[in-house]
Amino acid sequence: MPPSTICKTIRQYNSEPIPEADMRKLQEIAKDYRTVKNYVYQRYGGIKSLSKLYPGYTVQNEMTASGLRASLGLPSVYFYLAVFDALGDIKNQWTQTKSRIEKCIRENENLTPEDRHYLRFVMKQSDCFEAILLEREIRLSEAWEKTFRNVRTGVDENRLNRYLCRQVRRHLKKIHTDTADGFSVSEKAYRYDDHGIYLAIKEKRKRIFIPLTDNNRYTKQLYIRIFPEDGKIVIHAPVEINVRQHEDYHKEIGLAVGLRTMFVTDGGSIYGEKYSDYQYALSEYVREGNIRYRRNREKNPGRKKYMAGRERLEEALHTYINAEINRMLRTEKPAVIYVPKLPQSSRAGVNKKINSSVNMWQKGYVRKRLAQKCKEQSVALIEVFGKDISNACSRCSAIGQKANDVFTCKACGAKFPERENAARNALKRGQTRS
């Protein structure tokens with residue numbers, strides 16, 4: 001049964017410029033927040049601390065005993081959130097590391113199917129994984145011990161364990177941040193009143209007042225992002241919103257996501273025709289700005305004006321993306337959307353302008369917003385196998401030819417616009433998936 005509510009981030013803004021003295025107090029919190037996170041990264045980001053990450057209370061207790069909070073004078077409502085934010089980043093880093101190792105295992109031609117089975121088994125069993133990395137004896141429960149005996153039969157454990165350790169050392173990166181532009185705050189550290197918010201600071205029993213543009217009040221953990229040069233903040237508040245149900249949303253559609261045109265459906269409908277114009281304006285602005293900056297680096301040119309221009313272009317692009325997704329959902333009224341799984345970014349070519357545009361292609365943002373809006377409207381978004389989805393004929397499945405944005409199949413004589421053919425294949429693969 002689909003969920004009745006989903007989480008959405010709401011933003012709040014200050015209505016008046018924040019005084020410099022108050023902004024400095026917020027900056028102090030942000031810098032200390034960064035210091036705590038970097039301390040956790042350094043101390044618990046390595047192999048030896050892997051066993052302490054779950055559920056994290058060991059780290060919390062050790063951080064309490066470290067004396068770092070007292071030396072910084074940081075209130076506990078900020079200190080422990082910084083600790084758990086850093087722990088979340090470390091856990092995510094381990095997840096990414098395992099994904100990279102899994103890819104190496106899959107692509108390594110020197111490994112047998114039995115070798116791959118062994119490596120995947122020990123990576124999924126946290127006790128095995130930790131024991132191998134820490135060079136300890138592997139101890140499993142009786143239920144898993146029998147399975148492990150079968151998995152390890154016929155493989156060179158020593159060689160595979162050394163291989164796994166090398167891969168971890170290769171892919172696991174120590175995290176560090178130099179950014180101090182925000183911090184999380186728990187419900188105990190703020191209070192909404194007087195058309196604004198009172199935020200706790202490092203001074204005991206004192207808070208600063210920030211007038212807001214709205215009267216909304218939240219009782220969740222917030223994230224405060226600060227912009228000292230502009231004298232403003234942005235408050236990120238997670239809220240639960242009701243999922244909308246539509247009785248007239250019943251179609252199944254295939255969708256092709258592109259660089260020039262944002263969406264093309266299996267019926268040939270186009271959404272986001274001006275997407276490439278917004279994308280090109282942003283990528284060219286960034287490319288030319290970087291060229292100017294490199295040429296005048298010795299003169300120490302400022303970046304404030306450049307960053308403001310980039311932010312305006314990104315906001316315009318994001319507004320357009322969201323508007324076109326909304327228009328597509330209202331027009332198509334889908335119950336299910338099938339989209340091809342996007343490939344990883346390809347290597348750079350010879351045309352620098354094309355490389356810049358591809359690198360700036362916000363396919364992640366498009367997919368993220370499409371997924372969010374589908375959840376809000378109770379629309380199922382399903383990824384399908386993407387290999388050859390634009391090269392295969394959507395009528396007979398034979399490999400055809402593409403020229404001037406038109407797909408032609410010599411086998412059956414079919415001719416479709418290239419992106420429409422990909423969308424038709426997405427629908428076909430989605431409806432016939434096992």
Side-chain angles (χ1 to χ4, degrees), residues 9 11-14 16-46 49 52-53 55-93 173-193 196-212 218-238 303-304 307:
T9 300
R11 291 172 175 80
Q12 291 183 295
Y13 305 89
N14 55 303
E16 300 175 8
I18 299 175
E20 290 186 11
D22 290 344
M23 183 59 75
R24 282 195 297 269
K25 294 175 182 178
L26 296 177
Q27 285 181 279
E28 287 180 9
I29 297 173
K31 289 177 181 177
D32 289 347
Y33 200 90
R34 176 188 62 187
T35 299
V36 175
K37 291 182 68 174
N38 283 330
Y39 184 92
V40 176
Y41 293 153
Q42 181 64 31
R43 186 169 177 179
Y44 301 101
S49 299
K52 298 179 180 180
L53 301 182
Y57 297 117
T58 301
V59 174
Q60 181 183 8
N61 294 334
E62 290 184 3
M63 288 298 296
T64 301
S66 68
L68 180 61
R69 187 175 79 84
S71 64
L72 293 174
L74 188 65
S76 61
V77 289
Y78 297 118
F79 180 80
Y80 290 109
L81 288 181
V83 171
F84 282 101
D85 274 359
L87 276 180
D89 293 338
I90 293 173
K91 292 175 183 178
N92 183 59
Q93 180 69 9
K173 308 297 183 183
K174 279 289 185 75
I175 311 175
H176 180 83
T177 180
D178 294 319
T179 304
D181 61 356
F183 50 87
S184 296
V185 53
S186 67
E187 185 181 354
K188 295 180 180 179
Y190 67 87
R191 174 172 58 88
Y192 283 102
D193 205 356
I197 188 172
Y198 289 87
L199 281 175
I201 56 177
K202 293 178 68 174
E203 298 177 50
K204 290 184 178 181
R205 299 181 181 180
K206 289 189 177 181
R207 300 190 177 196
I208 60 173
F209 175 71
I210 300 174
L212 300 176
Y218 305 103
T219 57
K220 303 283 187 178
Q221 177 180 309
L222 307 178
Y223 184 81
I224 312 295
R225 188 174 180 192
I226 60 175
F227 299 86
E229 294 182 352
D230 301 323
K232 67 177 185 179
I233 66 167
V234 178
I235 300 174
H236 299 251
R303 300 282 276 178
K304 182 177 180 180
M307 293 304 297

Side chain to side chain contact (heavy atoms under 4.5 Å, CB included) assessment of F183 paired with L26: CA-CA 9 Å; F183 50 87; L26 296 177; 4.0 Å; yes
Provide the closest heavy-atom pair for L212 versus I235 in the form atom of the first, atom of the second, distance. CD2-CD1, 4.0 Å
Hey, are the side chains of F84 and Q60 touching, using non-hydrogen atoms and a 4.5 Å cut-off? yes
Within the supplied structure, the quantity of interest is the number of heavy atoms (other residues, nucleotides, ligands) at a distance under 6.0 Å from K31 NZ; does it exceed 12? no
Do S184 and D85 have side-chain atoms, one donor and one acceptor, less than 3.5 Å apart? yes
Nearest non-hydrogen partners of I208 and D22, listed with the distance: CG2-OD1, 3.6 Å
Checking the side chain of K202 only, and the main-chain atoms of L72 only, is there a donor and an acceptor separated by less than 3.5 Å? yes
As an exercise, state the distance from CD of E16 to CD1 of I210, rounded to the nearest 0.5 Å. 11.5 Å
Drop me the distance from L68's CG to T35's OG1, to the nearest 0.5 angstrom. 7.5 Å
I90 and V40: which non-hydrogen atoms are nearest, and at how many Å? CD1-O, 3.7 Å
Taken to the nearest 0.5 Å, the spacing of E20 CD from R24 CZ works out to 6.0 Å
What's the shortest heavy-atom distance between Y44 and K52, and which atoms? CE2-CD, 4.1 Å
How are the rings of Y192 and Y218 set to each other: parallel, tilted or perpendicular (split at 30° and 60°)? perpendicular
Side chain to side chain donor-acceptor pair (under 3.5 Å): pairs with one or both residues in residues 64-79, sequence neighbours excluded: T64-Y80
Test item: N14 side-chain N/O and V234 main-chain N/O as donor-acceptor pair under 3.5 Å: no
So, D230 side chain and K232 main chain: donor-acceptor pair closer than 3.5 Å or not? no
Donor-acceptor under 3.5 Å (S49 side chain, R43 main chain): yes
Can you see which heavy atom on D193 is nearest to which on F209, and at what distance? O-CE1, 3.4 Å
How about NZ on K188, more than 12 heavy atoms from neighbouring residues, nucleotides or ligands closer than 6.0 Å, or not? no
Would you say CD of Q42 has more than 12 non-hydrogen atoms from neighbouring residues, nucleotides or ligands within 6.0 angstrom? no
Is the side chain of T179 donor-acceptor paired with the backbone N or O of D181 at a distance under 3.5 Å, no angle test? no
Say you draw a straight line from NE2 of H236 to CZ of R11; how long is it, rounded to the nearest 0.5 Å? 5.0 Å
Verdict with supporting geometry, Q93 and K173, side chain to side chain contact (heavy atoms under 4.5 Å, CB included): CA-CA 8 Å; Q93 180 69 9; K173 308 297 183 183; 3.4 Å; yes
Show the numbers, then the answer: is there a side chain to side chain contact (heavy atoms under 4.5 Å, CB included) between I29 and V185? CA-CA 10 Å; I29 297 173; V185 53; over 6 Å; no
Side-chain heavy atoms of R207 within contact of I201, under 4.5 Å: no
Check this for me: does any side-chain nitrogen of one of D178 and R34 sit under 4.0 Å from a carboxylate oxygen of the other? no
Does the cation-pi check pass for R191 over Y198, that is, NZ or CZ under 6.0 Å from the six-membered ring centre and within 45° of its axis? yes
Using atom types as modelled and distance alone, determine if a side-chain donor or acceptor of N92 lies under 3.5 Å from a backbone N or O of G88. no
What heavy-atom pair brings L222 and A237 nearest, and what distance separates the two atoms? CD2-CB, 3.6 Å
Roughly how far, to the nearest 0.5 Å, is the OH atom of Y33 from the CG atom of L74? 9.5 Å
Give the intermediate values and the outcome of side chain to side chain contact (heavy atoms under 4.5 Å, CB included) for residues V36 and F79. CA-CA 7 Å; V36 175; F79 180 80; 3.7 Å; yes
